[in-house]
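Below: one structure, written as structure tokens.
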Amino acid sequence: MNKKLFLGVALIAASMGANAQKAMSAPAGGKAISDELIGIFFEDISSSADGGLYAELTQNGSFEYSPVERDGWGAGTAWKQIRPGHSLGRMEVRMDQPIHPNNPTYMRLHVERVKEYYDYKGWKGYGLENQGFDGIPVKAGAKYDFSAFLRNVKGEAKVVRIVLTAPQPGWGRDPKMLAEATFTASDSNWKKYAVTLSPKEDCDSAQLQILVLTTGDVDIDMVSLMPQDTYKGHGLRKDLAQALADLQPKFMRFPGGCVVHGGGDGFWNTYRWKTTVGPKEQRRGLKNTWGYHQSMGLGYFEYFQFCEDLNMQPVPILPCGVSCQGTNGGWGMKDQAQDVVPMSEMDEWVQDALDLIEWANGDVNTKWGRVRAEAGHPKPFNLKYLGIGNEERISPEFAERFRYMYKKIMEAHPEIVIVGTAGPGSHPDNPDFQNGWKLAEELGLPILDEHYYEPYTYFQKSRQYDSYPRDRKTKVYLGEYAAKDKKLIDALSEALYLLHVERNGDVVCMTSYAPLFARKNATNWNPDLIYYDNHRPFLTCSYYVQQMFGQSSGNYYYGDCVKIKDATNLQEQSVVLNTKTRQLFVKICNADSQKKYADVDLSRFKGVKTAVKTTLAGKPDAENNYEVQPIAPKKETVAVKSKMTLDIEPYSFVMLQISL
């Protein structure tokens, strides 16, 4: 054997051996639990995608906004006509001969005059200006990639100037030029043009100007301004993506939520994954359930890629041939309406599921595996979970269609773990909840998705998973839950509840707080885990609770190591061991106004000497918002003993991380 090759193999083997030695056996007294308990759920609500996690800086770059989505909207929304130097022209919305049928609308610019009456400092041309989402934030020296599709319709080749400008206060003042580039559009067919802009100074609210400097007609579509510096270079906003990475989630459920099956608009508005994975100009935008436009720049390809970047399991959710019962005002109706696909047409929806599995897991020689490879990912994504349906009313029509899809998918792909739904209100007296569990047990469904949003007192008192049958084949995924406010007491109440979930980690296999994101001034729902504006995320108290649980995942639970003196329902504890990383986590929550004392016995674990102590504490009505962020975890290294007593301050959540 080649000497270098031999040494390389030896080093790899030694490394594998060392890694293998890191694992440990679990001491007696514990029980195996899910090590995927903490994940995230992404739904495009409150402008979470466009103007949020998706790093695109222009708004309505494809000119597809419509009054169907919001009253007063149209192709020109977020754009305005500009004509510096008294240039003349007009805009015309067109839909004939588009780049692709999925993006039919574009703008034609009729440029009549570009020469100014006077010098005007060389600022001339006719065109468009976009202010992004409440302004375009840019940094000095950073690089931003502009691109657009243009078609020269009439006249000579068009000189096009692309400018990033900063507004200047005062009437009649020219904008300040931050960066510019010029190109010539000569092709009579649609062609993509691209330039890079680098601003000379910071600006919180820049504008993007597209100025045509040659008379004649030119068509424009698919305008984009994307920062080069995105999360792992994959087109997601770095600070928001990093906030999610810091949660250390084990999976991500997407794209919804009510977005999956058309929400209140009916089944015509159902999310179809196949129109979100090709080139951006071929993706079909969609009216968002929450009253705005989804460009699909953040589509299934980006979701799967992000899961890979964060080492999360993807959990895509597909519709089940039944619309949301909120269709046509159904939420307020006694007999909630559901649009349903005729059974004779259900094979189309089954095929969508089978094709998604092939797209995610198939090799490059399969039809859909080749589509994935052509998008830049030849290796399979290794999809394990697939959700069917999202909190639909568990009507006979739903049950019939779910059975059909489940049977067909299992026949073709028995390796895929199907996640079902327990309806919109997961409470024992809810008929949908009862019917959902009945259907799950009939089919032997692996996982059922429960949802509930409640006041914080519910999470303090309810411990329902303690009484769930241990011999039931179907595990619980708590896919959407939250206390109904964002104060510290809400977060601590959620921590109490999650400690109870950990105790029942043999029954509950996954959880995800919802909703995940909300943009300032565009919020559809409160509370949310992360709020943000153009410049930074604002992390809630609940975020830090999720983070502490995400950082402390393990595969064995010990319930007898901590005894809290005079405990009530306002105190909970858990001890979790991760045998793979040899980390032991002791978590104690006190949501009471009185200090509590906890006797801790870790004598069954060898090597207990020091710990990283994380404490989340404060006044119960404190909350993090856009003005102040008073609540954040505090970390310190402390000495620990196998047997000790801990003081647990009022309104606090404490975690000890011990390396064994």
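Sequential numbering from 1 along the given sequence is applied to the chain's residues. Nothing here was measured: the structure is a model prediction, and the numbers come from that model.
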Derivation of the side-chain hydrogen bond (donor to acceptor under 3.5 Å, both in side chains) call for Ser462 and Gln464: CA-CA 6 Å; Ser462 179; Gln464 75 266 37; 2.6 Å; yes

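With Tyr456 as the aromatic partner, Lys484 does not meet the cation-pi criteria of under 6.0 angstrom to the ring centre and within 45 degrees of the ring axis.
Classification of the Tyr465-His500 ring pair by plane angle, with boundaries at 30° and 60°, yields parallel.
Listed by first and then second residue, the salt bridge (charged side-chain N to carboxylate O under 4.0 Å, His left out) pairs involving residues 560-575 are Arg463-Glu572, Arg503-Glu572, Asp560-Arg604, Lys565-Asp599 (not counting sequence neighbours). Legend: salt bridge (charged side-chain N to carboxylate O under 4.0 Å, His left out) pairs involving residues 491-502, not counting sequence neighbours, sorted by first then second residue: Glu502-Lys587.
Side-chain contact annotation: Asp44 with Tyr292, donor-acceptor N/O pair under 3.5 Å present.
Between Glu649 and Lys596, no side-chain nitrogen of the basic residue sits less than 4.0 Å from a carboxylate oxygen of the acidic one, so the salt-bridge criterion is not met.
Checked against the 6.0 Å centroid threshold, Phe381 and Tyr303 do not count as a close aromatic pair.
The shortest non-hydrogen separation linking Ser603 to Lys643 is OG-CE, 4.3 Å.
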For residues 605-612, which side-chain N or O atoms pair as donor and acceptor with protein atoms under 3.5 Å away, sequence neighbours left out?
none

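Side-chain atoms of Asp528 do not come within 3.5 Å of backbone N or O of Tyr531 as any donor-acceptor pair. With hydrogens and angles disregarded, a donor-acceptor distance shorter than 3.5 Å links the side chain of Arg582 to the backbone of Leu660.
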